[in-house]
Number of protein chains: 2
Amino acid sequence: MNDKKQFTISELASSLEISPSTIRFYEEKKLIKPARTSGNQRIYTRKDRARLKLILRGKRFGFSLDEIAEIIGFWDVEVNEKSQIQKSLSYTDKRIEEVRLRRNELDLLEEDMRAMRTHLLNRLKELEQEERGSIK
Amino acid sequence: MNDKKQFTISELASSLEISPSTIRFYEEKKLIKPARTSGNQRIYTRKDRARLKLILRGKRFGFSLDEIAEIIGFWDVEVNEKSQIQKSLSYTDKRIEEVRLRRNELDLLEEDMRAMRTHLLNRLKELEQEERGSIK
DNA sequence: CATTAAGTTAAAGTTAACTTTAACTATAGT
DNA sequence: ACTATAGTTAAAGTTAACTTTAACTTAATG
């Protein structure tokens, strides 16, 4: 009862917490191609929404829009050409491998931040010791 | 025998595969503050190098330089103020939690890409079937 | 010691990813 | 039918993150 089948641009935008112009911008960049109403307004399906979510997810990992386009494909690219499919295929393979590497990096990042946290905590304790020493 | 203790800007740059100007730019943004020689040239220690690696790692996860600065601190910030330490501390806590969330997202991204891979493989098989059907 | 390579700053230039604006059209509610 | 709200395009504007350039200084090398 909750999920609709179609969305206007502002419905979609607010549900993804981005602005309508960002969505239009992605369309200009050929990342999505929504259907239109008789009056030329954009209508988005759940599929379009999923695609947008994918784009945003890619972004959160520091991929550029061009890279994202290479990963998920420009919307209008001939997806019936064997060569194009093979190209995309090898691209996704590369990216899946990259995701594996990113996971390792993520672990390192977490380690770094935990180390920093410990360091800060120690510094704080030191300062509190100093305070005790000098005040009373 | 391999690792030196000090680096010039170009040594450091090439070892991290970024340009010297990028490093200077990060300095302008107060993310690092290398020592100088008598002739005013920058010298980087292994510590500086570690800090830069951290910056680059953050970037790969889509953090902006400002965010990175908030995570690892501007170089000149008073690190002796209790309030500043507590601020940084709560910031790292938030970010560690975020890393946990990112890990989940990373899993989703991998899932998406595997699904796309399968989809592309199927499409490729279909096309090869069609070829067989029509050519011979 | 002269020349080449590398470093320095300040300022201007570039690119990606949006955002804003202006002028206009479509849709929904009373 | 009127009006408010939402949508449309094309073009200009903005911001972050660099990069390039120019004019100059320092360091390394035959």
Side-chain angles (χ1 to χ4, degrees), chain A residues 4-45 48-49 51-76, chain B residues 4-45 48-49 51-76:
Chain A
K4 293 169 62 178
K5 287 218 160 170
Q6 312 226 121
F7 316 87
T8 68
I9 195 165
S10 54
E11 283 169 346
L12 185 58
S14 78
S15 91
L16 297 176
E17 303 193 59
I18 57 180
S19 78
S21 18
T22 302
I23 300 181
R24 290 194 196 98
F25 175 72
Y26 291 160
E27 182 173 347
E28 207 173 299
K29 286 288 162 100
K30 317 249 177 185
L31 289 169
I32 26 166
K33 192 152 203 164
R36 301 287 182 126
T37 66
S38 56
N40 197 37
Q41 304 205 182
R42 294 168 175 86
I43 0 171
Y44 298 88
T45 64
D48 291 321
R49 189 169 190 280
R51 193 176 166 90
L52 260 172
K53 276 185 139 183
L54 231 179
I55 294 169
L56 299 176
R57 191 170 292 140
K59 282 206 35 176
R60 257 170 262 126
F61 286 95
F63 290 116
S64 72
L65 292 185
D66 279 1
E67 283 172 321
I68 292 169
E70 282 190 279
I71 297 169
I72 71 175
F74 290 101
W75 195 255
D76 54 355
Chain B
K4 295 168 59 177
K5 286 217 161 171
Q6 312 224 123
F7 316 89
T8 67
I9 195 165
S10 55
E11 283 168 346
L12 184 58
S14 80
S15 91
L16 297 176
E17 304 193 59
I18 57 180
S19 78
S21 18
T22 301
I23 299 181
R24 289 195 197 99
F25 175 72
Y26 290 161
E27 183 174 349
E28 207 172 299
K29 286 289 161 99
K30 317 250 179 186
L31 289 169
I32 25 167
K33 192 155 203 163
R36 299 287 182 128
T37 67
S38 57
N40 197 36
Q41 304 206 180
R42 295 169 175 86
I43 0 171
Y44 297 88
T45 64
D48 291 322
R49 190 170 189 279
R51 193 174 165 89
L52 260 172
K53 275 185 140 184
L54 231 179
I55 294 170
L56 298 177
R57 191 170 293 138
K59 283 206 37 174
R60 260 171 262 126
F61 286 95
F63 291 116
S64 73
L65 292 185
D66 279 0
E67 283 172 321
I68 292 170
E70 282 192 277
I71 296 170
I72 70 176
F74 290 102
W75 195 254
D76 54 356

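Reckoned from all heavy atoms, side chains included, excluding hydrogens, waters and symmetry mates. Note that the coordinates shown come from a computational prediction; the quantities given were computed from them, not determined experimentally. We name chains A, B, ... by the order of the sequence lines, and we start the count at 1 in each one.
Proximity of residues 18-27 of chain A to DNA chain C (heavy atom under 4.0 angstrom from any strand atom) is restricted to A:Ser19, A:Ser21, A:Thr22, A:Phe25, A:Tyr26.
The side chain of A:Lys59 approaches C:dC18 more closely than any other nucleotide in the set C:dC18, C:dT9, D:dA17. Among the nucleotides C:dT8, D:dA17, C:dG7, the one closest to the side chain of B:Ser64 is D:dA17.
A distance of 8.5 Å separates CG of B:Asp66 from CG of B:Leu31, quoted to the nearest 0.5 Å. Rounded to the nearest 0.5 Å, atoms CD1 (B:Ile9) and CZ (B:Arg24) are 4.0 Å apart. Between A:Ser19 atom OG and A:Ile23 atom CD1 the span is 7.5 Å, to the nearest 0.5 Å.
Rounded to a whole Å, the CD1 atom of A:Ile32 is 14 Å from the C1' atom of C:dC18. Here D:dT8 presents its P atom at 7 Å from OH of A:Tyr44, a figure rounded to the nearest Å. As rounded to whole Å, 13 Å separates atom C1' of D:dA28 from atom CD of B:Glu11. Atom P of nucleotide D:dC18 and atom CG of B:Leu16 are separated by 13 Å, given to the nearest angstrom. Computed from coordinates, the A:Asp66 CG to C:dT15 P distance equals 13 Å when rounded to whole Å. Across the protein-nucleic acid pair, B:Ile9 atom CD1 and C:dA6 atom P stand 13 Å apart, rounded to whole Å. With rounding to whole Å, A:Leu56 atom CG is found 13 Å from C:dA17 atom P. Between B:Glu28 atom CD and D:dA17 atom P the separation is 13 Å, expressed in whole Å.
The heavy-atom pair separating B:Ala13 from B:Pro20 by the smallest distance is CB-N, 3.7 Å. The heavy-atom pair separating B:Asp48 from B:Ile32 by the smallest distance is O-CG2, 4.5 Å.
For the OP1/OP2 pair of D:dG7 and a distance below 4.0 Å, the side-chain nitrogens and oxygens of A:Arg42 include no atom meeting the criterion. Between A:Thr8 and D:dG7 there is a side-chain N or O to OP1 or OP2 distance below 4.0 Å. Residue A:Arg36 places at least one side-chain N or O under 4.0 Å from the OP1 or OP2 atom of D:dT9.
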Listed pairs, N/O of protein and of nucleotides 21-30 of chain C, under 3.5 Å:
none

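Side-chain contact between A:Leu65 and A:Tyr26 is present, with at least one heavy-atom pair separated by less than 4.5 Å.
In this structure, the salt bridge (charged side-chain N to carboxylate O under 4.0 Å, His left out) partners of A:Arg42, at least two apart in sequence or on a different chain, are A:Glu27.
The residue among A:Ile43 and B:Leu65 whose nearest nucleotide of DNA chain D is located toward the 5' end is A:Ile43.
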